[in-house]
Amino acid sequence: MTKHIFVTGGVASSLGKGLTASSLGRLLKARGLRVTMQKLDPYINVDPGTMNPFEHGEVFVTDDGGETDLDLGHYERFIDESLSRASNATTGSIYSQVLAAERRGEYLGKTVQVIPHITDEIKRRIMMLAGDDVDVVITEVGGTVGDIEILPFLEAIRQFRLDRGRGNVAYVHVTLIPFIGPSGEQKTKPTQHSVTELRSRGIQPDAIVCRSEQPISDDLKRKISRLCDVPVNAVANAADAESLYEIPIVLHEEGLDNEICDLLGFDAGDPDLTEWMELLAQVEAATRPVRIGLIGKYVSLIDAYLSVVEALKHGGLHHGAKIEIDWIQAEDVEGLLAAGRLRDLDGIVIPGGFGERGIEGKIAAANYARENEIPCLGLCLGLQVMVAEYARNVLGMSGANSTEINPSTQYPVIDLMESQRDVSEKGGTMRLGAYVAQLKEGSQVAAIYGENVVSERHRHRYEFNPKFRSKFEDSDLSLSGESPDGHLVEFVELRTHPFWIGTQAHPELKSRPNRPAPLFRAFVGASLARAEGRNPSLPNIAPPSSGTDAAGSVSESSTA
């Protein structure tokens with residue numbers, strides 16, 4: 001029978017429930033267990049697809065096209081499993097399902113209520129991930145204990161242990177141990193109140209993970225154990241770490257995975273953490289500075305580009321490079337060009353986004369990178385602005401643009417697909433999830449991927465306009481990757497540039513710390529080569545893995 005672990009949080013948001021759940025998943029998988037993960041979000045939106053990035057951060061997209069919470073990115077990177085839309089459920093989606101069932105008459109005229117109808121639907125969503133091929137499902141409950149929105153979820157997971165049996169369900173509660181400066185003390189009272197609130201909802205935590213700035217003492221652990229009715233061995237401390245990839249090792253040393261395995265009856269032996277320790281050694285060895293400018297619209301909230309940042313770090317680990325990100329507001333680019341700020345960058349990333357704001361700054365950044373041979377990677381909207389820049393400044397199409405930005409442009413080099421024009425609901429116009437691309441023989445991207453057919457995840461609605469295909473095919477800008485039917489452009493690259501590549505996809509979503517996305521690996525390699533060319537005193541440290549030259553080209557097959 002599939003076992004279940006529920007991770008809740010108290011005291012404050014952003015404590016790291018997602019990273020705690022991800023780390024526990026990694027530890028259990030290292031014991032040979034088959035692990036999958038899930039996020040239950042209390043907000044009423046059906047999914048985060050239409051939410052402002054300033055509020056919610058990035059939208060993580062699964063292979064099957066689910067627009068999900070960014071924590072699923074942490075899950076995938078840690079347990080190295082591709083998840084699905086079933087791994088994210090919101091209050092909005094749950095109520096929508098229940099109301100649709102009521103309209104179809106499935107409740108036979110009964111009064112539809114939070115208990116049992118909403119809680120039953122929550123439990124059904126959890127059970128969707130269970131099966132003969134899964135040993136344990138780790139479910140993170142979003143929000144904070146005490147929030148009004150979280151109550152149906154707490155009730156559902158309380159019932160879940162009764163339904164599935166005490167030995168098949170474990171509760172892990174993440175809480176805060178604050179440091180009070182004037183008194184010089186760490187305080188357990190917030191944790192006590194948080195656990196009291198959780199217990200008032202009928203849930204007694206089996207383990208408590210205490211977040212703190214500095215390690216807590218054994219005396220404090222014993223105090224928490226005594227006052228919260230949790231065995232002292234089940235009180236784990238996750239103090240702030242320099243790298244998020246240290247957290248699984250920290251929790252293992254605290255004995256959290258041992259306690260959970262004992263509680264759920266897993267006799268899986270000790271975890272094999274060899275690969276993870278090698279990763280931490282790479283993190284320690286990544287010292288060569290590479291300065292990457294990220295030209296974004298939402299840079300005031302860096303979570304809006306979480307997967308991009310992590311993919312850059314993964315590429316850096318591969319080359320022994322320490323990524324230093326220069327967060328650049330797209331609207332400020334033109335002024336920064338005059339100040340010379342972009343001149344000192346080793347590479348430029350132009351990430352995705354929607355809407356008009358900052359577009360001209362992104363185009364200016366693409367132009368500067370092209371003319372000054374600075375490695376440049378365009379992602380989704382990034383490809384689109386690179387195409388518009390090249391059309392304007394090389395092909396003579398003055399004012400070339402996307403019809404998303406300027407519907408009346410004379411040169412709509414980026415436009416909606418014909419099949420999307422009559423769709424009234426915005427969500428229905430999106431190309432979401434994994435799509436296959438055919439790469440051009442002999443292209444840079446084919447060399448980087450090490451194969452000619454690749455699959456990457458997408459999230460966009462505008463495409464390269466095929467009416468302008470001949471103009472580009474006769475130029476130095478190669479349409480180096482297309483959909484299998486040849487209708488859609490997936491990759492572009494500048495033949496005579498060290499690295500000026502755009503993709504309509506989001507390869508950052510499939511990047512792993514020990515297996516970086518090929519485009520990011522190659523981009524960081526090219527940026528490192530530029531850094532070394534400008535700073536010849538840098539030590540000549542070879543990339544930590546074989547099969548890759550300094551510019552990131554591969555000599556053997558590699559996938560995302």
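Note that the structure is predicted; figures quoted are calculated from it, not measured. Excluded from the calculations below are hydrogen atoms, water molecules and symmetry mates; all remaining heavy atoms, backbone and side chain alike, are included.
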### Task
Classify the ring geometry between Phe78 and Trp276 as parallel (under 30°), tilted (30 to 60°) or perpendicular (over 60°).
tilted

### Query
Is Thr20 reaching over with its side chain to a backbone N or O of Gly16, donor-acceptor style, under 3.5 angstrom?
yes

### Query
Just by distance, do the side chain of Thr90 and the backbone of Asn45 share a donor-acceptor pair under 3.5 Å?
yes

### Query
Taking the side chain from Trp500 and the backbone from Ala366, do they hold a donor-acceptor pair closer than 3.5 Å?
yes

#### Entry: Whether Asn465 side chain and Val413 backbone form a donor-acceptor pair below 3.5 Å
no

### Backbone of Met37 reached by a side-chain donor or acceptor of Ser87 within 3.5 Å
yes

### Task
Please test Glu482 against Gln438 for side chain to side chain contact (heavy atoms under 4.5 Å, CB included), starting from the C-alpha separation and ending with a verdict.
CA-CA 5 Å; Glu482 300 177 336; Gln438 179 75 42; 5.5 Å; no

### Query
Aromatic rings Phe472 and Phe464: how do their planes relate, parallel, tilted or perpendicular, breaks at 30° and 60°?
perpendicular

### Task
Just do the side chain to side chain contact (heavy atoms under 4.5 Å, CB included) check on Asn514 and Tyr245 with the steps written out, would you?
CA-CA 11 Å; Asn514 55 355; Tyr245 298 117; over 6 Å; no

### Task
Taking atom types as modelled, find out whether Glu310 and His74 have a side-chain donor-acceptor pair closer than 3.5 angstrom.
no

### Message
Using a strict threshold of under 4.0 Å (side-chain N to carboxylate O), is an ion pair present between Asp346 and Arg291?
### Response
no

### Lys322 atom NZ, over 12 foreign heavy atoms within 6.0 Å
no

### Query
Can you list the steps and then say if Val524 with His318 is a side chain to side chain contact (heavy atoms under 4.5 Å, CB included)?
CA-CA 9 Å; Val524 172; His318 180 84; over 6 Å; no

### Query
Cut-off 3.5 Å, side chains only: do Gln504 and Tyr435 have a donor facing an acceptor?
no

### Task
Would you kindly say whether Glu58 and Ser307 are connected by a side-chain donor-acceptor distance under 3.5 Å?
yes

### Task
State whether the number of non-hydrogen atoms from other residues, nucleotides or ligands found under 6.0 Å of Glu371 atom CD is greater than 12.
yes

### Query
Would you call Asp326-Arg341 a salt bridge at under 4.0 Å N-O?
yes

### Task
For the pair Ser511 (side chain) and Glu508 (backbone), establish whether a donor and an acceptor sit closer than 3.5 Å, ignoring hydrogens and angles.
no

### Query
Hey, does the side chain of Asp41 reach the backbone of Tyr43 with a donor-acceptor pair shorter than 3.5 angstrom?
no

### Task
State, to 0.1 Å, how close Ala86 and Leu129 come at their nearest heavy-atom pair, and which atoms those are.
CB-CD2, 3.9 Å

### Query
If every non-hydrogen atom of Ser82 is compared with every non-hydrogen atom of Arg457, which pair is closest and at what distance?
OG-NH2, 3.6 Å

### Task
Going by the side-chain contact (heavy atoms from CB on, under 4.5 Å) test, name the single residue among Asp135, Asp132, Val136 that passes it with Arg34.
Asp135

### Message
When you measure from the side chain of Arg392 to the backbone of Ala400, do you find a donor-acceptor pair of N or O atoms at a distance under 3.5 Å?
### Response
yes

### Message
Any side-chain to backbone donor/acceptor pair from Lys510 onto Ser455? Under 3.5 Å, distance only.
### Response
yes

### Task
Would you list the pairs meeting salt bridge (charged side-chain N to carboxylate O under 4.0 Å, His left out) in which at least one residue belongs to residues 79-91, sequence neighbours left out?
Lys29-Glu81, Asp64-Arg85, Asp80-Arg512, Asp80-Arg515

### side chain to side chain donor-acceptor pair (under 3.5 Å) assessment of Ser480 paired with Glu493
CA-CA 6 Å; Ser480 54; Glu493 62 185 53; 3.1 Å; yes

### Task
Any chance you could lay out the side chain to side chain donor-acceptor pair (under 3.5 Å) test for Asn401 and Thr403, step after step, and finish with the verdict?
CA-CA 6 Å; Asn401 215 326; Thr403 53; over 6 Å; no

### Check: Ala330 main-chain N/O paired with Lys297 side-chain donor or acceptor under 3.5 Å
no

### Task
For side chain to side chain contact (heavy atoms under 4.5 Å, CB included), just list the numbers for Ile350 and Leu379, CA-CA rounded to whole Å, side-chain angles, deciding distance to a tenth of an Å, and then say yes or no.
CA-CA 6 Å; Ile350 305 176; Leu379 306 169; over 6 Å; no

### Task
Give a yes or no on this: more than 12 heavy atoms of other residues, nucleotides or ligands lie within 6.0 Å of atom CD1 of Ile302.
no

### Query
Quick one: does Glu473's side chain get under 4.5 Å of Leu479's, heavy atoms only?
yes

#### Entry: For the student: nearest non-hydrogen atoms of Phe499 and Ile448, plus distance
CE1-CD1, 3.8 Å

